[in-house]
Every structure is written in structure tokens, then in C-alpha cells.
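As C-alpha cells, the structure follows; a few thoughts come after it.
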2 protein chains.
Amino acid sequence: MTVIDSTPVTSPPVDACVSAGAAHPRPDGQDRYTISEVAEFTGLRAHTLRWYEQIGLMPHVERSHTGQRRFDNRDLDWLAFVGKLRLTGMPVADMVRFAELVHRGEATYGERQDILEQTRHEVATRIAALQDTLAVLDAKINFYAGARQAPERA
Amino acid sequence: MTVIDSTPVTSPPVDACVSAGAAHPRPDGQDRYTISEVAEFTGLRAHTLRWYEQIGLMPHVERSHTGQRRFDNRDLDWLAFVGKLRLTGMPVADMVRFAELVHRGEATYGERQDILEQTRHEVATRIAALQDTLAVLDAKINFYAGARQAPERA
DNA sequence: TAGAACCTTCAAGTGCACTTGAGGCAAGTG
DNA sequence: CACTTGCCTCAAGTGCACTTGAAGGTTCTA
């Protein structure tokens with residue numbers, strides 16, 4: 001019985017951390033992707049994907065009999081999550097540390113929770129700062145718009 | 001009559017762009033600051049402030065009779081705005097371009113408005129993405145919390 | 001009047017996150 | 001069977017935003 005995608009099953013219950021909730025639209029009902037397929041799908045370059053693996057951010061990807069990488073849906077989930085973390089501004093080194101915790105299994109749940117709570121806090125702070133910025137931008141945009149509509153008022 | 005701060009007056013109506021709305025808490029009722037005062041106030045290093053001026057991101061700062069920089073409240077406003085732009089992820093080169101538009105005066109209002117509207121759009125998009133990320137983080141945090149509270153459920 | 005604590009310019013260095021290039025193997029096509 | 005395409009590894013290069021350092025002038029405090 002092969003995994004056919006559709007709903008996020010995550011059959012091996014060993015470590016459900018990787019399933020990122022409502023999955024992104026998968027290419028199709030398969031489970032083995034070449035590096036260029038993954039590159040197109042994630043927006044990352046093939047070189048970057050290899051580099052991720054090299055530094056330990058992308059844990060060991062399966063290989064074909066000729067040594068080429070074959071990514072599966074779990075890998076895609078992990079990359080989607082990494083993309084989210086990247087969005088938060090988390091340094092790559094920290095993501096690698098998190099990846100190591102995931103690799104070490106259930107024993108690190110607590111530590112992982114702590115890290116994500118810290119990250120959550122930072123993200124919330126960042127959102128607030130950006131909303132502040134939005135207000136400043138709006139004020140300036142309004143100023144410019146007003147100045148253009150009433151240009152002769154010296 | 002010297003500018004005493006309080007409400008954003010911006011007496012010379014030439015270019016009100018710099019007044020960033022509700023001003024940050026000013027050091028005190030003065031209007032001439034040394035570079036180290038500005039450094040402490042903004043969190044930027046003195047070297048960075050000189051570099052900003054050098055690349056055209058900090059338009060000409062006044063000098064004392066001995067040639068030392070004397071920043072005023074307008075400069076502080078500008079730096080606060082630059083800080084906001086930096087938060088949005090705008091590259092320094094783009095900020096320099098904006099600074100040049102400001103320097104060229106009213107004729108560039110339209111162009112400036114366009115840039116800020118574009119930036120506004122990007123910031124809004126970014127906020128949405130971060131809120132998405134927040135949801136993912138919450139899901140994972142809950143997963144970890146749940147797994148710790150009910151650890152014996154193989 | 002001495003020394004600390006500032007300031008100046010010019011230039012090279014740092015850290016991060018990739019990016020690019022070289023050289024080569026393996027599978028499919030006319 | 002040559003050729004193109006796609007993958008591999010290893011190593012060096014790039015771009016950005018500062019950061020640090022060197023060498024020297026000026027101003028404030030004791």
C-alpha cells in the first residue's frame with residue numbers, strides 16, 4: 001500500500017512534526033520528485049536544495065539507484081515549514097538546530113515547543129511593528145495624495 | 001523663534017514629507033545632537049550614521065564650526081522613517097533613491113506616492129504571510145503541548 | 001597641560017544566505 | 001553512436017548591510 005497523498009495521513013506516527021497542517025497543492029498523486037521538480041515547486045534553486053541538505057537543514061533525502069535525489073511528500077512538507085521559518089527571519093543556523101532536534105525524536109518535544117513559542121512571540125512582535133509601519137506609510141501616502149489634489153494653495 | 005518640538009510643526013512648508021506623524025520621544029527640548037547622541041537614540045552606530053550620509057541615505061547634516069555633525073529633529077524624524085522602511089525589508093539602494101526624490105522637492109510627490117503605495121502593498125502581503133506563519137506555529141506548539149500532556153498513548 | 005573622549009576620512013573586513021562555476025557521470029533521442 | 005539534458009560533487013564567488021581598523025585632529029575635564 002503506497003501513500004497516495006490526498007489528506008495528510010502521516011502514517012508513521014513517530015514524529016508528526018513534519019506534517020504542516022493543510023498541505024500545499026501537491027504536484028500530483030506521486031511521492032518521488034526529482035530535485036528540479038522540487039525546485040520549481042518550492043521556488044528554491046536546485047543548488048540551494050543541495051546546500052540545505054549539506055548543512056543539515058534538509059535531512060537525508062532518498063537517492064535513486066544512480067545516486068540522484070528523490071524527494072517525497074514529507075520532504076515537501078518540511079521544506080514548506082522551513083519556508084515559513086525563513087519568513088520569520090530565523091537565521092539558517094537556528095533552523096538547522098531545530099532540524100537536529102526533530103532528528104533526535106520525541107525526546108526533544110519540549111525544547112522544540114520552547115523554540116517555537118519564542119519564535120511565535122517574535123513573529124507577533126514583528127507583525128505589530130509592520131502594522132505600525134503601515135500606518136506611517138498611509139499617513140505619507142495621504143499627504144502626497146492631498147498635496148497633489150490641492151496643488152495651488154501656497 | 002526656534003522649533004521646540006511638541007506637535008509636528010514643520011514650519012518650512014517646502015517638504016513636509018519628513019515629519020513622521022506622532023514623533024518619537026525626543027531626548028529633550030533641544031535641536032542639535034552630536035553623532036553619538038543620535039547613535040544612542042536610534043540604536044545605529046556612529047559609523048553607520050556616517051555611512052548613511054556618505055551613500056546619500058542621510059541627506060546633508062549640519063556641521064559645527066569645527067566641522068562636526070550636528071543633527072536636528074528633522075534628521076531624527078528622517079532616521080525614524082528610514083528605520084520603518086528598513087523594517088519593511090526595502091534595500092538600502094531603494095531608500096537612497098527615495099531620499100533623492102525627497103531632495104528634489106515637490107515635483108517628485110507623485111513618484112514618491114507610487115513608491116510608498118508599492119511598499120504598502122508589500123508590507124500588507126508580508127503581514128498576511130506572517131499571520132499564516134503564526135497559525136502554523138500555533139498548530140505545532142499545540143501538537144507538542146498535547147504530546148507532552150498525554151505521553152503514554154502508544 | 002595632560003589625558004580621555006570625542007570627532008574626522010579612507011579602506012579593508014565580516015557574516016549571512018545563497019550563487020556560480022568547473023568537471024564529470026548517466027539516461028534518453030535522432 | 002554522438003548529442004543533449006539533467007543530475008552529481010567540491011570549491012570559490014557574490015551581494016548586501018554594515019563593522020572594524022588605522023591614523024590623526026579637536027574639545028572637554030581634572
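Side chains are part of it too, since the values below use all heavy atoms of this structure and drop only hydrogens, waters and symmetry mates. Lettering of chains follows the sequences in order, A, B, ..., and the numbering in each one begins at 1.
- From B/Glu100, atom CD reaches atom CG of B/Leu57 across 10.0 Å, with rounding to the nearest 0.5 Å.
- Judged by closest nucleotide on DNA chain D, B/Val92 is the one of B/His65 and B/Val92 placed further toward the 5' end.
- Interface limits on DNA chain C: the 5'-most and 3'-most nucleotides within less than 4.0 Å of chain A heavy atoms are C/dA17 to C/dA27.
- When all heavy atoms of A/Arg32 and A/Arg70 are compared, the closest pair comes out as NH2-CG, 3.3 Å.
- Remark on the helix from C/dT1-D/dA30 to C/dG30-D/dC1: inter-end axis angle 0°, axes from five-pair C1' superpositions, rounded to 10°.
- The shortest side-chain heavy-atom distance between A/Lys140 and B/Gln113 does not fall under the 4.5 Å cut-off.
- Remark: P of D/dG6 and CZ of A/Phe71 are 16 Å apart, rounded to the nearest angstrom.
- Nearest approach of A/Ile127 to B/Ile127, heavy atoms of both residues: CG2-CG2, 4.2 Å.
- Side-chain contact between B/Glu62 and B/Arg69: absent, with no pair of heavy atoms (C-beta onward) separated by less than 4.5 Å.
- You'll find the side chain of B/Leu49 reaches within 4.5 Å of the side chain of B/Leu79, heavy atoms only.
- Using a 4.5 Å heavy-atom cutoff, the side chains of A/Ile141 and B/Arg112 are not in contact.
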Just the atom pairs and distances: protein N or O near nucleotides 2-5 of chain D's N or O, under 3.5 Å.
none

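- Within the 4.0 angstrom heavy-atom criterion, no nucleotide atom of any strand lies near B/Arg70.
- The aromatic rings of A/Phe98 and A/Trp78 sit parallel to each other, their planes meeting at less than 30°, with 60° as the upper class boundary.
- Using a 4.5 Å cut-off on side-chain heavy atoms (C-beta onward), B/Val123 and B/Lys84 make no contact.
- Using modelled atom types, one finds no donor on one side chain facing an acceptor on the other under 3.5 Å when comparing B/Thr108 with B/Arg104.
- Looking at B/Thr34 and B/Phe71, their side chains never come closer than 4.5 Å, going by heavy atoms from C-beta outward.
- For the pair A/Gln54 and B/Gly89, both in contact range of DNA chain D, the more 5′-proximal nearest nucleotide belongs to A/Gln54.
- For B/Gln131, there are no side-chain hydrogen bond (donor to acceptor under 3.5 Å, both in side chains) partners two or more places apart in sequence or in a different chain.
- In this structure, B/Asp94 pairs ionically with B/Arg97, as a charged nitrogen and a carboxylate oxygen lie closer than 4.0 Å.
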Nucleotides 24-26 of chain D: which of its N/O atoms have a protein N/O under 3.5 Å away?
none

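- At a threshold of 4.5 Å between non-hydrogen side-chain atoms, the residues B/Ile115 and B/Leu101 count as touching.
- In the model, B/Tyr33 has no side-chain atom that pairs as donor or acceptor with a side-chain atom of B/Asp75 under 3.5 Å.
- Residues from residues 44-52 of chain B lying near DNA chain D, meaning a heavy-atom separation below 4.0 Å, are B/Arg45, B/His47, B/Thr48, B/Trp51, B/Tyr52 in numerical order.
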